[in-house]
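Since the structure comes first, as structure tokens, the remarks are kept for the end.
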Amino acid sequence: FRSGITANGFGRCIVLIMWLLNYGQAIAQQPSLDTQPVAVTSICAGSGIDVTGVRSFAGGDFRVELSDGSGTYVEIPSSFLSASGRYEVTYRATIPVNTPAGSNYRIRLVSKNPAVTGVPSPTQLTIRPAATAALTGNQSIFEGQSGQLSVSFTGEGPWNLSYQDSTDVGLGTVVSVVANASPHTIAIKPLKTTSYLLTGVSNSCGNGLLLNWSVRVNVSPLLSIDSQALVAVVSVCPVPAIAALTIHIRDLAATESALLELSDMTGRKLISYETRQATSSLTLDSFPAGTYILNIRVGDRTVSKRIVKY
């Protein structure tokens, strides 16, 4: 009885040992893929990076995946670069240009066939954003008036910016500037309606993206062509003005009327006033400080005056 139990236990031990040996062999045969340290720890979005893996199997259909600090991996564009012997393979991957800036990024090789999830590279990556530029400044001005455009950037400064203007005649000369702050202001004084176009932006990460690259500045002529005869008899004071403006039209006939129109620099009419008096007054205290256009019409004669209000 005792020897029977011993024989039965011995048999069970043999079975257990064989199972362990087979299990260990299966574990030993499980394919592995170890992603090696990469050559950089800081990289710009949009740049390429070489990713090398050491595998325990021949062949393989490989991809490169990137994760942020949350540990969620996503596939990024990559292409085969080289292979060394049977076990080492290198792919050239591109960090997507829209990858958010940050640290604690990890990268790894994976195989689709056979399906093997690679061990991530031990290198933690910091990703720096590529430069972008966005131009704003659509506006309407009168001829002779100055204006401003604004360019906002992302990424690390300083930024190298280039732009040019464009009219019906053709493209203007490309202008290059170095901007140290965002936004950057560009002073303009177009002679006629003009489009302004960004042509390039770059920083330490290389060439960047133009998000909004064109604006249009409409230039309107003064609302009338001055009659020299009327210019000689019209006086406006004080200029600059503070609260009110006095307009005197010398020799205004009793049968004539004068139309007085005050507009802002966008052409929006603020006051329209008809008078038969040689001397009239316009109240300005309800308007903000700035530059205005006063148009005076008598019959078919017109004159325009630029008014500055403090």
Side-chain angles (χ1 to χ4, degrees), residues 135-151 163-173 175 177 185-197 214-310:
L135 177 65
T136 56
N138 289 311
Q139 58 195 278
S140 296
I141 60 177
F142 285 103
E143 59 184 358
Q145 185 186 9
S146 299
Q148 287 187 340
L149 308 178
S150 180
V151 184
Y163 67 94
Q164 63 186 157
D165 59 27
S166 171
T167 65
D168 293 338
V169 177
L171 294 173
T173 302
V175 179
V177 298
T185 299
I186 301 173
I188 58 169
K189 193 174 183 179
L191 300 177
K192 58 182 179 179
T193 296
T194 302
S195 294
Y196 290 86
L197 316 171
S214 175
V215 299
R216 183 177 178 86
V217 179
N218 296 306
V219 179
S220 302
L222 294 177
L223 302 183
S224 59
I225 300 176
D226 288 352
S227 166
Q228 295 305 310
L230 192 59
V231 169
V233 299
V234 170
S235 62
V236 179
C237 63
V239 178
I242 297 177
L245 201 62
T246 298
I247 303 98
H248 181 72
I249 307 172
R250 190 175 70 249
D251 302 329
L252 183 66
T255 57
E256 291 181 312
S257 63
L259 179 63
L260 311 179
E261 292 183 334
L262 184 73
S263 302
D264 62 19
M265 295 304 287
T266 68
R268 183 167 59 98
K269 193 178 297 183
L270 305 174
I271 297 175
S272 182
Y273 175 67
E274 189 171 0
T275 180
R276 291 182 179 273
Q277 304 297 318
T279 301
S280 302
S281 179
L282 296 181
T283 301
L284 304 178
D285 53 6
S286 62
F287 302 124
T291 303
Y292 300 86
I293 299 295
L294 174 64
N295 289 277
I296 304 166
R297 180 185 296 274
V298 179
D300 60 356
R301 298 172 296 164
T302 59
V303 64
S304 298
K305 300 286 187 180
R306 187 168 302 207
I307 307 299
V308 177
K309 178 184 181 295
Y310 283 166

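Computed from heavy atoms alone, side chains included, the values below leave out hydrogens, waters and symmetry copies. Since the model is a prediction, treat every value here as computed from it, not as a measurement.
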Practice item. Report the residues that fulfil side chain to side chain contact (heavy atoms under 4.5 Å, CB included) with P240, sequence neighbours left out, ordered by chain and then residue number. Key: V308, Y310
Check your understanding: When you measure from the side chain of Q164 to the backbone N and O of G172, does any donor-acceptor pair fall under 3.5 Å?
Key -> yes
Check your understanding: Got a donor-acceptor contact below 3.5 angstrom from the T302 side chain to the I296 backbone?
Key -> no
Review point. Which heavy atom in V151 sits nearest to a heavy atom in I186, and how many Å separate them?
Key: CG2-CD1, 4.0 Å
Practice item. With side chain to side chain donor-acceptor pair (under 3.5 Å) as the test, would you mind laying out the steps for T279 and H248 before giving the verdict? Key: CA-CA 4 Å; T279 301; H248 181 72; 2.7 Å; yes
Study note, to complete from the structure: So CD1 of I188 and OG of S146: to nearest 0.5 Å the spacing works out to 8.5 Å
**Study point:** Closest approach of L259 to S272 (non-hydrogen atoms, all atoms of both residues)
**Key:** CD1-OG, 3.8 Å
Revision key, fill the gap. So OG of S140 and CD of Q145: to nearest 0.5 Å the spacing works out to 10.0 Å
Point to revise | Non-hydrogen side-chain atoms of L294 and L282 separated by less than 4.5 Å | key: yes
Review point. Run the side-chain contact (heavy atoms from CB on, under 4.5 Å) check on D285 and I242 step by step: do they pass?
Key: CA-CA 7 Å; D285 53 6; I242 297 177; over 6 Å; no
Review point. SG of C237 to NZ of K305: how many Å apart, nearest 0.5 Å?
Key: 11.0 Å
Practice item. Specify the closest pair of heavy atoms between P238 and A244, including all atoms of both residues, with the distance to one decimal. Key: CD-O, 3.7 Å
**Study point:** Derivation and outcome, side-chain contact (heavy atoms from CB on, under 4.5 Å), residues T185 and L149
**Key:** CA-CA 6 Å; T185 299; L149 308 178; over 6 Å; no
Exercise for review: Looking only at non-hydrogen atoms, find the nearest pair between T167 and T193 and report the distance.
Suggested key: CG2-O, 4.0 Å
Point to revise | Short side-chain to backbone donor-acceptor contact, T194 and K192, under 3.5 Å | key: yes
Exercise for review: Answer whether the closest heavy-atom distance between the side chains of I307 and I293 falls below 4.5 Å.
Suggested key: no
Exercise for review: Give the C-alpha distance, both sets of side-chain angles, the deciding distance and a yes or no for salt bridge (Lys or Arg N to Asp or Glu O under 4.0 Å) between R276 and E256.
Suggested key: CA-CA 6 Å; R276 291 182 179 273; E256 291 181 312; over 6 Å; no
**Study point:** F287 backbone acceptor or donor facing K309 side chain under 3.5 Å
**Key:** yes
**Study point:** From L245 atom CG to L262 atom CG, the distance as rounded to the nearest 0.5 Å
**Key:** 7.5 Å
Exercise for review: Keeping the roles fixed (side chain from Q139, backbone from G137), state whether a donor-acceptor pair exists under 3.5 Å.
Suggested key: yes
Review point. Got a second to check how far Y163's OH is from S214's OG, nearest 0.5 Å?
Key: 14.5 Å
Exercise for review: Show your reasoning for whether side-chain contact (heavy atoms from CB on, under 4.5 Å) applies to S280 and L260.
Suggested key: CA-CA 9 Å; S280 302; L260 311 179; 3.9 Å; yes
Practice item. Specify the closest pair of heavy atoms between D264 and Y292, including all atoms of both residues, with the distance to one decimal. Key: CA-CD2, 3.9 Å
Check your understanding: Within a radius of less than 6.0 Å around CG of L171, do more than 12 heavy atoms belonging to other residues, nucleotides or ligands occur?
Key -> yes
Check your understanding: Considering all heavy atoms of both residues, which atom of A258 and which atom of I249 are nearest to each other, and what is their separation?
Key -> CB-CD1, 3.4 Å
Exercise for review: For N138 and R216, indicate whether the former's side chain and the latter's backbone hold a donor-acceptor pair under 3.5 Å.
Suggested key: yes
Practice item. Under the salt bridge (Lys or Arg N to Asp or Glu O under 4.0 Å) rule, what do E274 and R297 come out as? Steps first, then yes or no, please. Key: CA-CA 9 Å; E274 189 171 0; R297 180 185 296 274; over 6 Å; no
